[in-house]
**Q** 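This structure is in structure tokens; I'll ask about it shortly.
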Amino acid sequence: MSETIYDVAVIGGGPTGATAATDLARAGHSVLLIERGGRIKPCGGAVPPRLMEDFEIPQSLLVARARSARMIAPSNRAVDMPVGEIGYVGMVDREEFDEWLRKRAEANGAKRLTATFERIERDDHEGAIICFRRKRGGDIEQVRAKLVIGADGARSAVAKQNIPGAEKTPCVFAYHEIIESPDVVSDNYDPSRCDVFYQGKLSPDFYAWVFPHGKTASIGVGSANKGFSLRGAVSTMRDELDLTKCETVRREGAPIPLKPLKRWDNGRDVIVAGDAAGIVAPASGEGIYYAMIGGRFVAEAAQKFLVTGEAKALRAARKRFMKEHGKVFWVLGMMQYFWYSSDKRRERFVTMCDDKDVQQLTWQAYMNKRLVRAKPMAHIKIFLKDCAHLLGLRATA
């Protein structure tokens with residue numbers, strides 16, 4: 001085992017881990033970033049302008065800017081939701097975006113290591129012992145750190161081993177295919193538009209999507225129904241949208257958690273963040289912004305822990321995240337529960353998206369990552385319309 005004792009070992013080099021590693025390294029702490037490599041998370045790649053500003057992300061990393069979203073109902077009725085003057089939806093390619101974040105962490109002083117996490121051990125000396133392998137079947141190696149941050153994604157090995165109840169986190173399974181974008185813009189595909197399909201045939205409990213990535217596009221679907229064929233749904237989409245001739249660049253699949261863990265730390269020297277902590281938005285499945293802000297909050301709590309030596313300092317990360325974003329997660333969770341349960345309700349949901357008040361507040365909430373309070377009457381109107389749609393008192397077309 002190395003004689004070096006790191007302040008922090010970050011397990012996982014996605015947006016969460018790389019952000020935490022960068023912030024801690026910038027603060028002067030010794031950081032080891034362990035990333036297994038060779039895996040790209042299935043992700044639509046949507047990021048709001050606020051993310052670009054809050055985390056100093058260069059515009060050059062955007063592969064596309066979507067100016068509208070199209071919601072498609074079970075009847076194939078389409079409702080367009082233009083972003084308008086308040087901004088755009090940035091699109092990133094996770095392979096390039098994640099690597100840029102890891103390189104920034106390294107440039108700020110974090111040490112990178114490509115390896116697979118195995119487990120955490122302890123002895124009579126200070127810190128946790130992180131056991132890992134540099135290659136499959138290779139020898140177990142060890143390194144010691146005062147604190148371990150588990151940012152190793154959904155079904156996190158760090159969380160399962162150290163956080164009670166982590167293995168029970170509910171997940172949606174996501175699958176997408178990255179294809180070369182069509183040469184011609186058509187009603188089926190627009191490089192400045194994100195298409196979201198609320199159709200039971202494509203997902204019985206979530207949604208399917210077509211997101212532009214510049215030269216490529218992401219076609220994907222999510223579902224918690226283990227018997228549902230995600231690959232079959234994507235194949236159906238490509239066939240119906242006349243995208244079968246577009247070359248497939250790569251295929252990716254992974255679980256996506258949709259409920260924050262009740263506790264993020266073990267009360268001693270381990271804390272989890274990002275997907276490992278379950279902070280992916282219900283209903284939308286959006287995770288990049290929440291992953292990065294979660295990583296930042298964990299890094300801030302980690303700094304207090306390292307200064308004071310008090311494990312209770314780690315609790316501040318989840319407390320702050322839930323204070324700032326818990327209400328949004330609750331609202332989105334209720335949306336998913338009610339509106340995704342049947343095609344009849346999905347039809348009404350898409351109809352509701354045609355409402356200008358709904359569109360305005362939806363985009364403002366997305367851009368700002370908080371519920372909009374400036375127009376209370378608009379919220380009341382939307383609540384009443386929502387109830388009318390849910391109870392079938394309003395026409396669906």
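Values below: all heavy atoms of this structure, side chains included; hydrogens, waters and symmetry mates excluded.
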**Q** Taking only residues two or more places apart in sequence or in another chain, which ones pass ring-ring contact (aromatic ring centres under 6.0 Å, His included) with Phe329?
**A**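 Testing Phe329 for ring-ring contact (aromatic ring centres under 6.0 Å, His included), a comparison that skips the adjacent residues, returns Tyr290, Phe321.
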**Q** Is Arg36 atom CZ crowded by more than 12 heavy atoms from other residues, nucleotides or ligands, each under 6.0 Å away?
**A**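 Open.
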**Q** Is it true that Glu121 and Arg119 have a side-chain N and a carboxylate O under 4.0 angstrom from each other?
**A**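 Looking at Glu121 and Arg119, the cut-off is met.
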**Q** Any ion pair linking Asp355 and Arg348 (charged N to carboxylate O, less than 4.0 Å)?
**A**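 Salt bridge flag = no for Asp355 with Arg348.
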**Q** Strictly by ring-ring contact (aromatic ring centres under 6.0 Å, His included), give each pair with a member in residues 52-85 just once, sequence neighbours left out.
**A**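 Matches after skipping sequence neighbours: none remain.
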**Q** Do you know which two heavy atoms are closest between Val158 and Gly150, and how far apart they sit?
**A**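 Shortest heavy-atom separation between Val158 and Gly150 comes out as CG1-CA, 3.8 Å.
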**Q** So, the side chain of Thr16 versus the backbone of Ala291: is there a donor-acceptor pair under 3.5 Å, distance only?
**A**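 Checking the backbone N and O of Ala291 against the side chain of Thr16, a donor-acceptor pair under 3.5 Å is found.
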**Q** For the pair Glu167 and Lys160, find out whether any cationic side-chain nitrogen is under 4.0 Å from an anionic carboxylate oxygen.
**A**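 Result for this pair is no, no salt bridge flagged.
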**Q** Using salt bridge (charged side-chain N to carboxylate O under 4.0 Å, His left out), reason through Glu180 and Arg250 one step at a time and then give a plain yes or no.
**A** CA-CA 10 Å; Glu180 291 187 353; Arg250 64 179 190 264; over 6 Å; no
**Q** Looking only at side chains, do Gln199 and Asn76 share a donor and an acceptor under 3.5 Å apart?
**A**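 There is such a pair (donor and acceptor under 3.5 Å, judged by atom type) between the side chains of Gln199 and Asn76.
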**Q** May I ask you to decide whether Asp265 forms a salt bridge with Lys312, counting only side-chain N to carboxylate O separations under 4.0 Å?
**A**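 No salt bridge links Asp265 with Lys312.
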**Q** Taking the inter-plane angle between the rings of Tyr340 and Tyr207 on a 0 to 90° scale, is it parallel (under 30°), tilted (30 to 60°) or perpendicular (over 60°)?
**A**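 Ring orientation of Tyr340 relative to Tyr207: perpendicular.
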**Q** I'd like to know if Arg320 and Glu300 make a salt bridge, using a cut-off of under 4.0 Å between side-chain N and carboxylate O.
**A**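 Looking at Arg320 and Glu300, the cut-off is met.
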**Q** Between Ser75 and Glu347, do the side chains contain a donor N or O and an acceptor N or O under 3.5 Å apart?
**A**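 Yes, because at least one side-chain N or O of Glu347 sits under 3.5 Å from a partner of the opposite role on Ser75.
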**Q** Check whether any side-chain heavy atom of Cys246 sits under 4.5 Å from a side-chain heavy atom of Thr244, and report yes or no.
**A**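 Heavy-atom side-chain distance check fails, nothing below 4.5 Å.
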**Q** Any Lys/Arg nitrogen of Asp269 or Arg122 sitting under 4.0 Å from an Asp/Glu carboxylate oxygen of the other?
**A**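 Salt bridge flag = yes for Arg122 with Asp269.
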**Q** Would you mind reporting whether Lys146 and Leu306 have side-chain heavy atoms less than 4.5 Å apart?
**A**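 Leu306 reaches Lys146 side chain to side chain.
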**Q** Go through the side-chain N and O atoms of Thr169 and Arg155 and say whether any donor and acceptor fall under 3.5 Å apart.
**A**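 Short answer, no.
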**Q** Does the side chain of Ser218 come under 3.5 Å of the side chain of His176 through a donor N or O and an acceptor N or O?
**A**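 Distance-only check passes for Ser218 and His176.
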**Q** Do the side chains of Glu99 and Arg102 get close enough for a salt bridge, i.e. N-O under 4.0 angstrom?
**A**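 Answer for the salt bridge query: yes.
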